[in-house]
Amino acid sequence: MSHITPIDYETASDAVRAEHDREVQLRGRMTNMKRTLLHSPVAHRIYAEWFPLREELRPELDDRAVWLLCHAIAIECRSIIPVGFFRRALINAGLTPETIVPTEDEALLIEFGKAIARDSNAIPEEIWARLKARYDEPTLANLVAFAGIMIATAIYNNAVKVDIDPELGPYLEGFEFPAK
């Protein structure tokens, strides 16, 4: 059970309702995580910067690459809600997460995602060398910031124990975190 209750739209302040309405207008839906974050519209907006950063990365990283990066971070952080979110994206795109054969670039992003989530002080130099050979510095800055927001999202969901959104349930059937 979530340590922070989702907001109640009917009793929420005008500021919370306005942020809720803005989110629904922008993205078309409201998740359990967002409903808990909305107790603080500022906190909600900070976490929602994931979306603008994703757009900054779009010229270099297609959806599949982003989904695989985020999925790797979510698994490394052992955060079930983001795992479900990105499994849903992959499955709805006709992919089977367990059998995807990543491209060379995707494999690099998966390695980076796991490494930064595991220990941001110990990302192997070899990964950095490959990232620098592939991406320019603005892209690298956006990539690290994006991964950081993804890690923060995983931490938030884990710490709060946000209730799993019902629509993610089917995408989590049979999923188990790898043994550590």
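None of the values given here were measured: they were computed from a predicted structure.
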If you look at every heavy atom in [X] and [Y], which pair is closest and at what distance?
X: Cys77; Y: Ala154; result: CB-CB, 3.6 Å
X: Leu109; Y: Ala65; result: CD1-CB, 3.8 Å
X: Ile46; Y: Ile149; result: O-CD1, 4.4 Å
X: Ala115; Y: Ile127; result: CB-CD1, 4.1 Å
X: Ala147; Y: Phe112; result: CB-CE2, 4.0 Å
X: His71; Y: Val83; result: CD2-O, 4.0 Å

Ring-plane angle category for Phe146 and Trp50, please: parallel below 30°, perpendicular beyond 60°, tilted otherwise. tilted
Cluster link [X] to [Y], ILVMFWY, side chain under 4.5 Å:
X: Leu53; Y: Leu131; answer: yes
X: Leu172; Y: Phe85; answer: no
X: Tyr47; Y: Val162; answer: yes
X: Trp67; Y: Phe175; answer: no

Between Asn158 and Ser79, does the side-chain hydrogen bond (donor to acceptor under 3.5 Å, both in side chains) criterion hold? Intermediate values first, please. CA-CA 6 Å; Asn158 290 350; Ser79 189; 3.1 Å; yes
When rounded to the nearest 0.5 angstrom, what is the spacing between [atom1] in [X] and [atom2] in [Y]?
X: Glu56; Y: Asn142; atom1: CD; atom2: CG; value: 5.0 Å
X: Arg88; Y: Asp165; atom1: CZ; atom2: CG; value: 7.5 Å
X: Glu19; Y: His39; atom1: CD; atom2: NE2; value: 13.5 Å
X: Cys70; Y: Ile151; atom1: SG; atom2: CD1; value: 10.0 Å
X: Leu108; Y: Leu68; atom1: CG; atom2: CG; value: 12.5 Å
X: Asp163; Y: Thr31; atom1: CG; atom2: OG1; value: 11.5 Å

May I ask you to test the [X]-[Y] pair for a side-chain heavy-atom distance under 4.5 Å?
X: Thr36; Y: Ser2; answer: yes
X: Pro97; Y: Ile91; answer: yes
X: Leu69; Y: Phe86; answer: no
X: Ile75; Y: Pro178; answer: yes
X: Asp63; Y: Arg54; answer: yes
X: Leu38; Y: Met30; answer: yes
X: Ile81; Y: Met33; answer: no
X: Thr139; Y: Leu57; answer: yes

Quick test of your reading of the model: are [X] and [Y] salt-bridged, counting only N-O distances below 4.0 Å?
X: Glu98; Y: Arg87; answer: yes
X: Arg118; Y: Glu76; answer: yes
X: Arg64; Y: Asp105; answer: no
X: Arg45; Y: Glu49; answer: no

Is the terminal nitrogen or CZ of Arg27 (NZ for Lys, CZ for Arg) located under 6.0 angstrom from the six-membered ring centre of Phe51 and within 45° of that ring's axis? yes
With a 6.0 Å cut-off (strictly less than), is the heavy-atom count around CD of Glu137, excluding the residue itself, greater than 12? no
Using a 6.0 Å cut-off, check whether atom CD of Glu126 has over 12 heavy atoms from anything other than its own residue. yes
